[in-house]
Structures are given as C-alpha cells and as structure tokens.
Protein chains: 2
Amino acid sequence: MKKEDIFKKLRSSGLRPTKQRVEIAKFLFDRDKTFHFTIEGLDNLLAKKTTFKFALATIYNTVHAFKKAGHLNEVDVRGKKTYFDTNITRHHHFYDNETSELIDIDASEVVIQKIPKAPNGKKIKNVEVFINLKN
Amino acid sequence: MKKEDIFKKLRSSGLRPTKQRVEIAKFLFDRDKTFHFTIEGLDNLLAKKTTFKFALATIYNTVHAFKKAGHLNEVDVRGKKTYFDTNITRHHHFYDNETSELIDIDASEVVIQKIPKAPNGKKIKNVEVFINLKN
DNA sequence: TTTATAGTTTATAATAATTCTAAAGTAAAA
DNA sequence: TTTTACTTTAGAATTATTATAAACTATAAA
C-alpha cells in the first residue's frame with residue numbers, strides 16, 4: 001500500500017493525513033489478512049513496530065475516527081476491552097476463550113435457514129454469528 | 001415462588017440464604033418472563049421495588065455468585081456494561097440499539113444449516129446468534 | 001442454646017478502560 | 001504567509017468493576 005493510497009483513503013473520509021494517522025493506517029491496513037485488536041494491543045504493537053511515539057489518546061481518537069469512517073469494525077466480545085477488526089465486510093467470528101483470540105468466519109461459511117422476524121415496528125439490521133471455542 | 005424454594009435454590013448451589021441474596025433472588029427469579037439487566041439497572045430497580053438497602057458491591061457479588069451457580073447467564077453486548085439474563089437455556093438475542101434492549105429468541109426459532117468446523121484442535125462450545133435491530 | 005467459625009456484607013479504596021479538557025502543534029485554506 | 005480549523009498530547013476525569021478489611025451473620029459444634 002503506497003503512501004499516496006493511504007493519503008487518499010484518509011482524505012476521502014474527511015480525515016487529515018497527519019503523521020499519526022498515516023502511521024496507524026499503514027500498520028492496520030497494509031496487510032493480507034484480517035487483523036483483530038484492542039486499543040491496548042495496538043498501542044503495544046505500535047510501540048514495538050514503529051519508531052514513532054503516539055499518545056494513548058491519539059490511538060483512541062484515530063481508531064474511532066477510522067471506525068466512524070467505515071475502515072474498521074467493532075466486534076461484540078464479552079469482557080471489558082473493545083475489539084476492533086480490519087475486516088469490514090459482513091462476516092462472523094470464532095472466539096477462543098482460552099487465548100481471547102478472534103478468528104474471522106466468512107459470511108459464505110454460515111448459512112442460516114430459519115430466523116424469527118423482527119418485533120413490532122423494528123427491522124433486522126444484521127445477523128452476527130458468534131462461535132465460542134473450547135479445547 | 002415460595003421462600004422455601006428460594007432457600008433451596010440457594011442452598012443447593014452452596015450459597016447461604018442471606019437476607020440480601022433472598023431478596024435479590026426473589027426479585028430476579030420470581031417472574032414469568034425472562035429478565036435482562038445490568039448491575040446498575042438492577043441496583044436502581046432494587047432501590048425502587050424493595051425496602052431493603054443493598055451495597056453496590058453486594059449486588060455485584062450476588063449476581064456473580066448466581067452466575068457461577070448457573071442461575072444467570074452473561075450476554076455478549078457491545079458496550080461497557082455487562083448484561084445478565086435470567087434465561088439460562090441455550091438461546092439467542094435480538095438487540096435493539098436504539099433502546100439498548102435485549103429480547104430473547106428461543107433456540108428453536110433459529111436453524112443454522114451450515115457452519116464452519118472449529119480450527120486446529122479446538123471444539124465448538126456454543127453458537128450464539130445476535131440479531132441487531134433498527135427502526 | 002451458646003460459642004466458634006467460616007462465609008457475607010459493607011463502605012471505601014483501587015484498578016482498568018475509556019473519554020474529556022485545554023493547551024500546544026500542524027495541515028490546509030485564504 | 002497568515003489564518004483558521006483540525007489534531008495531538010499529557011494529564012485529569014469518568015465509568016464500570018474488583019479488591020480490601022472490618023463488622024456482621026448463618027450455621028456447625030459443643
């Protein structure tokens with residue numbers, strides 16, 4: 001992913017391509033596979049993998065800005081920390097309780113035959129399947 | 001639900017039937033329909049609906065003791081607060097983002113036709129379907 | 001029944017994750 | 001350039017939850 005593309009990605013979603021945002025975007029989006037993370041985890045990884053120094057608040061700000069712009073998804077996981085996912089397509093998750101690890105499941109791998117209809121006046125926004133794993 | 005039954009329920013799961021536990025158990029389990037709550041919500045309701053005074057820590061302790069004993073389930077909901085559910089059978093949920101309300105879906109109302117197999121050496125513990133609602 | 005003991009409750013302090021604040025810094029517009 | 005609006009930052013504040021340790025209480029033992 002070229003620097004220009006990152007700039008475009010940021011600009012097109014109304015985000016100024018600051019040093020911090022570009023570094024974080026490079027780290028998050030320049031990869032082949034989906035990446036799941038918590039803010040704390042991202043903070044640690046950025047500290048290790050980049051020479052740049054980020055305020056924790058900036059990581060919160062940036063991740064939320066990316067999420068708002070649709071570049072990141074938030075995942076429902078039981079527990080205190082919020083998980084994010086670079087996979088923004090509709091998909092599902094395995095969750096390994098032992099390791100607190102999330103694994104993506106492509107939407108095509110889950111077929112639901114029957115589902116109840118939404119209650120009074122409501123509509124179904126989306127259906128998430130969450131598969132808990134054990135050893 | 002008679003007081004004796006509550007005593008039994010508590011004793012049989014190794015919990016002394018203290019005043020606090022009996023009151024909270026009555027409030028939680030003596031109802032026809034499933035009840036979903038957060039600790040904060042339960043605290044407010046207990047303050048309104050009972051004459052008894054509970055320390056917040058006791059509510060946390062008690063709810064966790066009930067959960068550990070299998071009388072309550074914890075539900076995965078995005079957000080800071082932990083949700084609990086008096087429905088301890090395997091089931092699914094609607095979640096109404098507008099009102100932060102959970103609605104139970106009976107297991108029989110969801111039929112999944114296809115599901116991926118668990119990764120390397122892991123087993124599937126359970127499958128949760130979470131249906132987000134919109135207006 | 002008392003007494004002992006082990007489990008409970010309580011107020012408060014501590015912790016953890018996250019958000020807020022306001023000052024200093026920086027990208028882009030004028 | 002200069003200005004303006006957006007960003008970053010360190011640290012304070014907030015929120016949900018857990019830990020602590022002293023007072024209390026249900027139960028077992030005498």
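Throughout, protein chains are lettered first and strands after them, A, B, ... in sequence-line order, and every chain is numbered starting at 1. Side chains included, hydrogens not; waters and symmetry mates left out as well; all remaining heavy atoms used.
Hydrophobic clustering of Ile, Leu, Val, Met, Phe, Trp and Tyr side chains at less than 4.5 Å, counting indirect connections, keeps B:Val111 apart from A:Ile105.
Ring-plane geometry between B:Phe35 and B:Phe27 is classed as perpendicular, the angle between the planes exceeding 60 degrees on a 0 to 90 degree scale with a lower cut at 30.
In the set C:dT18, C:dT9, D:dG11, D:dG11 carries the atom at the smallest distance from any side-chain atom of A:Ala57.
The nearest whole Å value for the distance from the CG atom in B:Asn61 to the C1' atom in D:dT17 is 11 Å. Rounded to whole Å, the distance from CG on B:Asn44 to P on D:dT15 is 14 Å. Rounded to an integer number of Å, the gap from A:Ile59 CD1 to D:dT8 C1' is 12 Å. Atom C1' of nucleotide D:dT17 and atom NZ of B:Lys81 are separated by 12 Å, given to the nearest angstrom. Atom OH of B:Tyr83 and atom C1' of D:dT17 are 16 Å apart (whole Å). Rounded to a whole Å, the CZ atom of B:Phe52 is 14 Å from the P atom of D:dC24. Rounded to an integer number of Å, the gap from CG of A:Leu56 to P of D:dA13 is 18 Å. Straight-line distance from the OH atom of A:Tyr60 to the P atom of C:dT18: 4 Å, rounded to whole Å.
Within the structure, a side-chain polar atom (N or O) of A:His64 is placed less than 4.0 Å from OP1 or OP2 of C:dT19. One finds no side-chain N or O of A:Gln20 lying less than 4.0 angstrom from the OP1 or OP2 phosphate oxygen of C:dT26. Here A:Thr58 does not reach the OP1 or OP2 of D:dT7: none of its side-chain N or O atoms lies under 4.0 Å away.
At a non-hydrogen distance threshold of 4.0 Å, A:Arg11, A:Arg16, A:Pro17 from residues 4-19 of chain A come into contact with DNA chain C.
Here the closest heavy-atom approach between residue A:Val75 and residue A:Phe84 is recorded as CG2-C, 4.4 Å.
Contact annotation: the side chain of A:Leu42 never approaches that of A:Phe54 to less than 4.5 Å [non-hydrogen atoms, C-beta and beyond].
Among the atoms of the strands shown, none is found under 4.0 Å from any heavy atom of B:Thr38.
Stacking of A:Arg11 on the aromatic ring of A:Phe7 is not recorded, the 6.0 Å distance cut-off and the 45° axial limit not both being met.
Side-chain atoms of B:Ser13 come within 3.5 Å of backbone atoms of B:Lys9 as a donor-acceptor pair (strictly under, hydrogens ignored).
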